[in-house]
Amino acid sequence: MKTSARLILPLLFGFVLLSLWEALVGFYEIPPYILPSPRDIGESLWVDGPSLLAALAITLQVTVAAMILACVTGVGIAVLLVQSKLLERMLFPYAVFLQVTPIVTIAPFIIIWVDSVFVVLLILAWMAAVFPIISNTLLGLKSADRNLHDLFKLYSASRSQTLRRLLIPAALPYFLGGLRISGGLALIGTVVAEMVAGTSGESSGLASRLLEASYRLELARALACFVLLSITGYGIYAVLNWVSNRLLRHWHESALDDPSHA
Amino acid sequence: MKTSARLILPLLFGFVLLSLWEALVGFYEIPPYILPSPRDIGESLWVDGPSLLAALAITLQVTVAAMILACVTGVGIAVLLVQSKLLERMLFPYAVFLQVTPIVTIAPFIIIWVDSVFVVLLILAWMAAVFPIISNTLLGLKSADRNLHDLFKLYSASRSQTLRRLLIPAALPYFLGGLRISGGLALIGTVVAEMVAGTSGESSGLASRLLEASYRLELARALACFVLLSITGYGIYAVLNWVSNRLLRHWHESALDDPSHA
Amino acid sequence: DSSFATDQITFGTDWRAQAEHGGFYQALALGFYDDAGIDVTIRQGGPQVNHSQLLAAGRLDFGMSPNSFLPINFAFQEIPVVAVAAMFQKDPAVLIAHASRGHQTLSNLKTEKIMISPETRIGFWRFLKVRYGFTDNQIAPYTFNVAPFLADATSVQQGYLTSEPFVIDEAGIEPSVFLLADSGYASYAAVIQTSQRMIDSNPDLVQRFVDASIRGWYSFLYTDPAPAYALIKRDNADMTDELLNYGHEMLRRYGLVDSGDAALNGIGIMTEARWRAFFDVMAEDNVYPADLDFTKAYTLRFIGKRVGMDAVLRGAD
Amino acid sequence: MLNLKGITKTFDSGTEALSATTFTLSDGEFVSLVGPSGCGKSTLLRIVAGLSQPSAGEIATSSEMEDLRIGFVFQEPTLMPWSTVFENVALPLQLVNGSPNTDDVDRITTVLQWVGLEEFQNAYPRELSGGMRMRASIARSLVLQPDLLLLDEPFAALDEFTRAQLNEDLLHLWEEQKWTAIFVTHSIREAAFLSNRVLVMSPRPGRVIADIAVPFKYPRQPSLRNDHAYTDFCASVSQRLATSLPGANQ
Amino acid sequence: MLNLKGITKTFDSGTEALSATTFTLSDGEFVSLVGPSGCGKSTLLRIVAGLSQPSAGEIATSSEMEDLRIGFVFQEPTLMPWSTVFENVALPLQLVNGSPNTDDVDRITTVLQWVGLEEFQNAYPRELSGGMRMRASIARSLVLQPDLLLLDEPFAALDEFTRAQLNEDLLHLWEEQKWTAIFVTHSIREAAFLSNRVLVMSPRPGRVIADIAVPFKYPRQPSLRNDHAYTDFCASVSQRLATSLPGANQ
Ligand SMILES: Nc1ncnc2c1ncn2[C@@H]1O[C@H](COP(=O)(O)OP(=O)(O)OP(=O)(O)O)[C@@H](O)[C@H]1O
Ligand SMILES: Nc1ncnc2c1ncn2[C@@H]1O[C@H](COP(=O)(O)OP(=O)(O)OP(=O)(O)O)[C@@H](O)[C@H]1O
Ligand SMILES: [Mg+2]
Ligand SMILES: [Mg+2]
């Protein structure tokens with residue numbers, strides 16, 4: 001496939017979708033306060049773009065920090081859990097707790113103990129992001145080849161050697177898969193956390209813009225925020241995908257060329 | 001390991017944790033409105049248990065429906081995306097949109113067009129749950145063994161044959177991993193959706209109980225809700241884990257015995 | 001005239017069912033709406049619920065705005081939704097400090113850390129900035145949960161007169177409460193809104209809804225509020241009689257519903273002067289352009305008819 | 001039926017596996033391919049099967065090549081780990097015919113018996129020994145009567161007796177069904193016993209450097225293995241192969 | 001050094017792989033194990049290596065067995081797909097010594113040269129041919145000087161010349177380093193050429209049914225392969241193996 005087609009076709013498809021939407025809004029005369037047209041959203045993006053981007057930048061700081069934290073802790077927890085079935089059974093329920101606790105209601109408990117708003121947001125976004133990393137990494141750690149396990153056992157490899165040289169590389173594709181899921185969750189987790197707990201000082205992230213827009217019924221601007229969020233989410237995904245392909249291209253099926261083009 | 005140890009130790013560990021918590025709350029005289037003691041929570045569970053369980057049952061209906069829907073559509077979308085790199089590039093951004101759009105702000109757009117509250121909740125919970133399934137299944141579909149791909153190519157297997165006999169079985173461990181992540185997300189997605197959709201009256205799920213308990217500073221009850229949510233989330237995870245092990249036990253590393261005990 | 005068919009309408013409130021919605025629930029419970037030929041469904045709001053968008057889209061027939069901002073926002077966005085009656089003459093919004101700190105006036109709080117929700121930040125916070133010189137870097141997050149306030153004796157938080165002070169008091173901390181309405185905050189509250197289309201096509205229905213609601217409020221305030229309590233508790237399973245009683249008491253003590261203009265012209269009354277007073281402050285902070293025609297935000301045609309006043313005055317005697 | 005001209009294959013990694021390999025294959029021939037490890041035999045088979053594209057060169061095929069049925073025993077067993085032996089062997093039938101009918105089941109049972117796996121038809125691949133896995137793969141390649149059979153060291157993991165037995169069985173089958181075969185092996189004796197022609201490849205980058213007709217008539221009897229002419233022939237092929245090796249001039 | 005008594009292995013699937021297998025291995029012995037496919041040879045090696053527990057029976061070891069260094073060439077190459085050939089071969093050194101020093105690098109280079117993979121030391125396993133992968137695995141088993149070397153059909157995927165060459169090299173190494181070896185092979189000629197003793201196993205459930213001393217003295221020269229006594233010996237072992245097979249009475 002030519003590079004041009006690879007870029008142009010998705011854009012064209014997007015363009016067709018937007019045109020359809022524009023036409024529908026025009027045809028049924030749907031007022032902008034029910035469903036803004038792509039043109040309205042585009043205008044809002046154009047006008048408010050710079051200020052929205054500034055807000056997005058603030059949100060992204062938390063998101064990126066939460067992702068890094070989720071990576072480190074998620075992998076750490078998965079490594080801990082894989083040490084024994086008993087440990088897994090003992091500790092895993094607490095990992096589930098992180099996932100199923102609504103940000104909205106856990107936020108006050110965290111605010112009581114933590115002063116810095118940044119840290120509060122970080123904790124909440126981390127809670128949203130960490131579980132897929134734990135779960136997928138754990139699955140990956142358990143999926144290491146049995147024959148290679150035997151090899152390591154043969155050389156009386158220590159736990160840490162087995163971990164570093166066998167389990168972690170084997171878990172890498174799964175971990176990266178979990179990370180790609182967490183990317184979006186960290187982003188949306190940050191936004192929700194900002195909605196709940198993010199009011200402070202001048203530097204407020206995208207959530208406050210989004211809330212403000214929807215509170216003031218500026219739906220075009222609210223949708224412009226969605227668009228920015230989606231583009232950012234896709235950007236995070238694309239970056240992680242690229243990293244994933246670089247790391248795995250020598251050996252993992254998922255990073256090799258399309259099998260149908262081999 | 002004996003069955004008794006497998007059950008007793010985690011319970012014992014939980015008991016130790018709770019005792020520690022109880023002791024800390026007692027020692028520092030932390031008032032119940034800042035951090036209730038496990039005993040308070042237990043009391044609340046005992047007193048409000050039946051009514052909370054009734055609310056949970058309502059929430060679970062939506063959760064289960066959303067999970068089933070997410071399974072079907074998630075796998076469907078992943079299968080569609082794996083058909084060609086171009087298709088993936090064209091459609092994947094819209095899948096990301098599902099993940100990174102805050103339920104709180106997208107809800108009104110859905111409520112405008114959909115009458116039934118159940119369907120609104122279902123759509124929102126589905127949005128929360130579907131992405132990990134898409135993403136992990138897609139990864140799994142791409143991870144099928146190249147040599148087996150060759151085998152299928154050799155016999156000029158049709159797309160659908162390759163899908164059914166090769167790609168889907170190969171993707172199964174990844175899909176099931178995604179499903180285990182989605183389980184919790186569907187649950188928490190339902191709870192948040194309930195908060196957003198403003199359900200009221202007898203048919204309202206756990207969310208309204210949780211919100212009210214939190215406003216009213218009945219933190220013991222709020223935490224009782226968390227406990228119920230966590231147990232439910234862990235229950236979903238455990239069931240999916242069990243299903244996963246049954247489906248994979250003949251062949252996938254992750255479902256075989258512990259390698260250290262082989 | 002029982003000849004007309006019953007009109008089915010949905011009314012969205014601004015929060016989870018509580019004493020501030022008492023009049024509407026009372027009207028529902030005592031059949032005032034039925035008598036007016038309206039079959040009303042009340043949908044409760046909440047912190048995450050966005051009813052104004054549903055109102056704009058016509059999913060709700062009537063909505064309840066917690067303040068004067070929303071109606072002006074509609075006007076500003078040129079959305080054909082207008083305010084038709086204000087059930088509260090005073091906004092129950094309060095700032096709450098620890099009594100132990102000994103703050104006497106609102107302006108004492110100018111240097112304190114104040115817990116403010118994101119919505120409030122673009123709501124009455126603007127008023128505090130313009131009138132009292134509060135600044136954004138005082139803001140700390142508020143999550144509709146008073147525990148962080150209780151935990152920190154220096155903190156100040158936003159609240160509702162009818163609810164948070166009670167919860168704080170119950171937790172054993174004495175609150176000092178500052179009602180913004182008593183410090184020049186001119187916002188109405190519990191404002192009934194509906195679409196211009198509804199007003200144009202069925203003004204009679206609007207009138208009947210407003211009137212029945214006003215009757216409901218008189219009845220709730222001055223006769224037995226128990227019927228409303230029952231319905232409120234049905235919608236909001238965790239609401240208690242103590243809190244409802246407390247709210248009811250506050251509504252009366254502070255004259256939130258029937259003081260000022262309402263004492264003369266009946267519950268629901270709105271005046272151009274009040275709207276202007278509110279708007280001018282906000283225009284000063286550039287929340288709205290100064291040349292915005294704020295009079296499009298409301299209509300005065302359904303109120304000031306002294307509906308239900310006599311009955312109540314008789315009952316109250 | 002097949003005409004390879006100047007086939008060259010260079011992998012992305014830069015390794016040149018095949019360099020201008022040329023040979024012809026006629027209908028019904030049984031050709032063996034011998035050559036040192038890493039010389040490009042597997043690569044060549046993959047190119048013939050259409051699983052890999054040559055970097056240069058041409059493959060001309062006779063007209064009916066389009067819907068040619070190819071059987072391939074890969075160098076590794078390549079079984080579906082999630083399917084039983086029976087299901088793995090049934091796969092080609094299912095891919096071609098849809099769900100298997102009773103005739104198909106008979107056929108599957110026959111090939112399983114032939115490779116001695118009937119007892120293990122419900123076992124999963126990970127429960128098999130290395131040789132058993134390879135036998136399952138051989139069974140799979142024969143369950144559809146192929147037009148062209150490509151075998152990549154199919155018997156390397158088997159003991160001498162099973163191997164000899166399967167050699168003979170394979171010859172019978174070939175005489176009966178007359179498919180065309182390319183057979184990669186490291187055993188020159190096996191190559192000589194089975195095939196019409198032995199192609200000798202040079203070390204990497206591989207090329208066919210000798211095309212030796214096998215002078216023994218079919219049907220070949222097991223006794224051929226003790227024949228002096230046979231031993232001499234094997235020695236001469238061996239010789240030919242040895243001269244191509246790097247250390248040959250020592 | 002090793003004393004197996006009545007080793008029995010029954011898998012969870014119900015397959016009885018080994019039944020009361022008994023044999024002894026002395027220090028410095030080179031023992032070959034031959035037997036039909038699926039008879040339990042690999043299972044036996046895994047039990048000897050401690051990778052699998054016997055269902056019944058005992059393994060007695062001499063006292064210093066505790067910190068015995070075992071080298072194992074598995075039947076499948078078992079390389080880490082994410083590591084290059086060099087890294088794969090370096091693994092045992094790293095696991096035992098920590099990070100490799102220059103001596104280690106020399107050692108790795110030596111074994112890589114020995115199996116003819118020095119050119120491919122930076123290639124990933126999937127870029128190798130089947131035989132090359134197996135050679136990498138052999139190199140890995142020898143990079144640490146083992147006390148006990150277990151080889152499961154290490155040369156099955158190699159051409160005759162490489163195989164013969166590696167046979168001779170392996171013998172030299174053994175004479176030099178005097179490890180103990182158990183060598184599974186399907187080639188009786190190879191077994192006879194390399195080992196002190198040949199153990200013959202029965203078909204599944206496997207058992208050692210013959211323990212045949214090889215009557216040729218070390219050092220063995222390549223010329224041994226053309227010796228008549230050698231050929232006769234091979235024929236006799238072959239004979240012994242054949243009588244154990246199911247079709248033996250025909
Ligand atoms: N996917 C690949 N990428 C890069 N190089 C490859 C790839 N596959 C094979 N090669 C190289 O091509 C050459 C020939 O490989 P091939 O598998 O065809 O050898 P072979 O003759 O089958 O050897 P063997 O007898 O060991 O199986 C080898 O040098 C190998 O390293
Ligand atoms: N993990 C397992 N689960 C169940 N059965 C097994 C397992 N591994 C091996 N077996 C069975 O044990 C028997 C012996 O297997 P083993 O791999 O030891 O044979 P082998 O002698 O090495 O054969 P080959 O020469 O074919 O490699 C076989 O019948 C096999 O089906
Ligand atoms: Mg090969
Ligand atoms: Mg074996």
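Naming: A, B, ... by sequence-line order, numbering from 1 per chain.
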A.B. asks: At a heavy-atom separation under 4.5 Å, does B:Leu17 approach chain A through its side chain, its backbone, both, or neither?
C.D. replies: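 Looking at B:Leu17, just its side chain touches chain A.
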A.B. asks: Using a cut-off of under 4.5 Å on heavy-atom pairs, state which of A:Val227, A:Leu210, A:Leu176, A:Val191 scores highest against chain B.
C.D. replies: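 The answer is A:Leu210.
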A.B. asks: What residue in B:Ile231, B:Leu219, B:Leu138 has the most heavy-atom pairs under 4.5 Å with chain A?
C.D. replies: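 With the most close heavy-atom pairs to chain A, the winner is B:Leu219.
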A.B. asks: Side chain, backbone, both or neither: which part of B:Leu185 has a non-hydrogen atom closer than 4.5 Å to chain A?
C.D. replies: both
A.B. asks: Checking B:Ala144 against chain A: side chain, backbone, both or neither under 4.5 Å from a heavy atom?
C.D. replies: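 When you check distances to chain A, only backbone atoms of B:Ala144 fall under 4.5 Å.
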A.B. asks: Name the region of B:Tyr237, side chain, backbone, both or neither, that has any atom closer than 4.5 Å to a heavy atom of chain A.
C.D. replies: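 Just its side chain gets close to chain A.
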A.B. asks: Using heavy-atom distances under 4.5 Å, tell me whether A:Ile112 contacts chain B through its side chain, its backbone, both, or neither.
C.D. replies: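 Contact with chain B involves the side chain of A:Ile112 alone.
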A.B. asks: Counting only heavy atoms closer than 4.5 Å, note whether A:Val96 contacts chain B via side chain, backbone, both or neither.
C.D. replies: side chain
A.B. asks: Would you confirm whether A:Thr137, through its side chain, and A:Ala78, through its main-chain N or O, come within 3.5 Å as a donor-acceptor pair?
C.D. replies: no
A.B. asks: Checking A:Ile34 against chain B: side chain, backbone, both or neither under 4.5 Å from a heavy atom?
C.D. replies: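 Its backbone and side chain both get close to chain B.
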A.B. asks: Return the orientation label for the A:Tyr174 and B:Tyr174 ring planes: parallel under 30°, perpendicular over 60°, tilted otherwise.
C.D. replies: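 Judged by the thresholds at 30° and 60°, the geometry between A:Tyr174 and B:Tyr174 is parallel.
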A.B. asks: Side chain, backbone, both or neither: which part of A:Phe109 has a non-hydrogen atom closer than 4.5 Å to chain B?
C.D. replies: side chain
A.B. asks: Shortest non-hydrogen contact from B:Leu206 to B:Cys225?
C.D. replies: CD2-O, 4.2 Å
A.B. asks: Under a 3.5 Å distance rule, please check whether B:Arg146 uses its side chain to pair with a backbone N or O of A:Glu253 as donor and acceptor.
C.D. replies: yes
A.B. asks: Using non-hydrogen atoms and a 4.5 Å limit, figure out which bit of B:Ile106 sits close to chain A: side chain, backbone, both or neither.
C.D. replies: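 Both backbone and side chain.
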A.B. asks: Heavy-atom pairs under 4.5 Å with chain B - which of A:Val192, A:Asp145, A:Leu187 has more of them than the others?
C.D. replies: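 Top count of heavy-atom pairs under 4.5 Å with chain B: A:Asp145.
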A.B. asks: For residues 127-134 of chain B, give me every residue with a non-hydrogen atom less than 4.5 Å from any non-hydrogen atom of chain A.
C.D. replies: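 Under the 4.5 Å heavy-atom cut-off, B:Phe131, B:Pro132 qualify.
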